[in-house]
Amino acid sequence: MSETNVNQVQEVIIAGMSKTVSNYDYAMSELEALVEANNMHAALRIDQGLDKPNSATYFGKGKVVEIKEDAEAHDLHIMVINADLTPSQVRNLEEQTGLQIIDRTGLILEIFGTRARSKEANLQVKIAQLQYQLPRLRTSISNRLDQQAGAAAGGGGGFTNRGSGETQLELNRRTIQDRISHAKHELKELNKDEEVRRSQRDKAGLPNVALVGYTNAGKSTTMNGLVRLFGKGEDKQVFEKDMLFATLDTSIRQLTFPDNKQLLLSDTVGFVSNLPHNLINAFRSTLAEAANADLLIQVIDYADPHYKEMMATTDKTLKEIGVTDIPMIYAYNKADLTEANYPNQQDDQLIYAAKDEKSLQVLTQMMKDKVFKGYVTTTLLIPFSDGDVVAYLNDNANILKTDYVADGTQLEVELNSVDAQRYEKYVVTPA
Ligand SMILES: Nc1nc2c(ncn2[C@@H]2O[C@H](COP(=O)(O)OP(=O)(O)OP(=O)(O)O)[C@@H](O)[C@H]2O)c(=O)[nH]1
Ligand SMILES: [Mg+2]
């Protein structure tokens with residue numbers, strides 16, 4: 001890799017306070033993955049066992065000196081901390097260590113900034129970044145995010161020249177506040193269209209199923225597998241990749257099964273522990289798809305030794321965005337990388353592999369059992385003069401039996417509640 005390569009991986013220190021979080025080692029391994037997702041590499045890890053962070057510098061006095069020495073010895077210039085620091089802690093630490101400090105929220109915002117592709121995602125990230133920046137105007141990290149927010153506003157993703165401190169944008173509070181309200185306004189306009197589309201979808205009466213879960217669990221891969229089987233063509237594939245936060249936008253696809261039953265499946269942003277609050281707020285509209293779903297499929301990376309922590313993170317995040325009481329299927333993915341047999345279903349749980357067709361068929365049956373519960377099987381007698389109704393049902397319902405009798409077409413058919421009501425007048429009352 002050449003010196004001038006803008007994608008060069010930046011060597012950094014990761015640091016944390018071991019007694020302030022439960023499951024510290026897991027938290028640090030998650031931080032390491034986040035660091036890598038941000039095109040950095042954790043060259044050195046520093047831990048401190050204080051009961052409580054120092055209010056001025058986060059780490060204790062002696063530790064700060066040690067950090068400075070270690071950083072110089074290893075020629076490292078950035079430290080990523082497994083916590084959210086106050087703006088003054090960041091400032092003090094930067095002054096006393098000479099390092100550039102990135103806290104957990106700052107790190108996640110940087111990753112989201114490089115991942116955002118759509119206009120909506122760009123605006124959402126930009127709002128969260130500006131809100132984060134507001135109380136931190138004088139620290140160097142704010143300049144990093146300034147540049148990012150500027151890049152996001154221009155529609156270009158990503159940032160380069162990390163830490164070179166070239167363009168020092170002199171934004172004052174007012175300007176940032178103006179930018180936030182401007183971005184919020186733009187987002188609201190975009191969301192209006194989305195709301196119209198959502199209400200149209202709701203009117204169509206199709207059940208909504210949402211894929212949720214920790215980032216990189218295989219939600220998009222599961223979606224693509226199902227779309228390949230029951231969707232309308234390969235062009236509808238969504239982006240899947242082995243990286244954190246590959247998906248930031250919600251995609252919705254219609255699935256049509258051989259029995260003509262249909263549902264809408266949505267794929268959305270993945271979760272990670274302690275997703276920054278302003279990010280959750282900014283992504284609320286994107287996450288609305290999950291909040292309005294009739295069924296959630298929680299996709300879990302069963303091959304990851306930390307999958308239980310990841311499930312806890314997902315549950316906690318869902319609660320935070322107000323998603324409670326929606327039935328859930330637990331889909332333990334990537335079984336091909338484990339010793340487990342698959343597909344293996346037990347009640348609402350499935351061990352599977354997203355690229356295995358047999359697995360996807362079982363998952364489909366589980367979804368169908370849940371969302372098509374309200375269907376009734378009934379016998380209709382449709383006069384020949386209402387041939388269009390027969391045509392509609394042939395296309396949109398599961399017809400179990402067709403008989404041509406003297407008065408018309410007699411169908412034994414499975415109907416959803418909307419159609420059952422609509423065609424009530426044709427129902428043949430059992431003798
Ligand atoms: N071996 C194996 N790999 C899988 C399976 N499912 C997904 N993957 C891989 O896991 C990685 C992440 O998959 P995605 O579908 O992008 O994950 P995601 O949950 O959508 O991730 P985000 O959008 O980042 O939240 C990709 O490299 C997939 O190829 C599986 O069943 N087996
Ligand atoms: Mg995805």
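Ligands are counted one by one from 1 in listed order, and the atoms in each one are counted from 1 as well.
Applying the salt bridge (Lys or Arg N to Asp or Glu O under 4.0 Å) definition to pairs two or more places apart or across chains, none involves residues 321-330.
In the model, Tyr375 has no side-chain atom that pairs as donor or acceptor with a side-chain atom of Asn398 under 3.5 Å. Side-chain contact annotation: Tyr332 with Thr338, donor-acceptor N/O pair under 3.5 Å absent.
When all heavy atoms of Asp336 and Ala353 are compared, the closest pair comes out as OD1-CB, 3.6 Å.
Ring geometry for His306 versus Tyr26: interplanar angle of 30 to 60°, hence tilted.
Between Tyr302 and Tyr342, the ring center distance fails the sub-6.0 Å criterion.
Ordered by chain and residue number, the residues placing a heavy atom less than 4.0 Å from ligand 1 are Thr215, Asn216, Ala217, Gly218, Lys219, Ser220, Thr221, Glu240, Lys241, Asp242, Met243, Leu244, Phe245, Ala246, Thr247, Gly270, Asn333, Lys334, Asp336, Leu337, Ala353, Ala354, Lys355.
Around the Mg ion (ligand 2), the protein contributes the following N, O or S atoms at distances under 2.8 Å: Ser220 OG, Thr247 OG1.
The side chain to side chain donor-acceptor pair (under 3.5 Å) check on Ser251 picks up nothing, with sequence neighbours excluded.
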**OP:** Check the pair Glu289, Thr250 against side-chain hydrogen bond (donor to acceptor under 3.5 Å, both in side chains), reporting the backbone distance first and the verdict last.
**Re:** CA-CA 8 Å; Glu289 229 45 64; Thr250 300; 5.6 Å; no
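By the 6.0 Å and 45° rule, Arg115 does not stack over the aromatic ring of Phe239.
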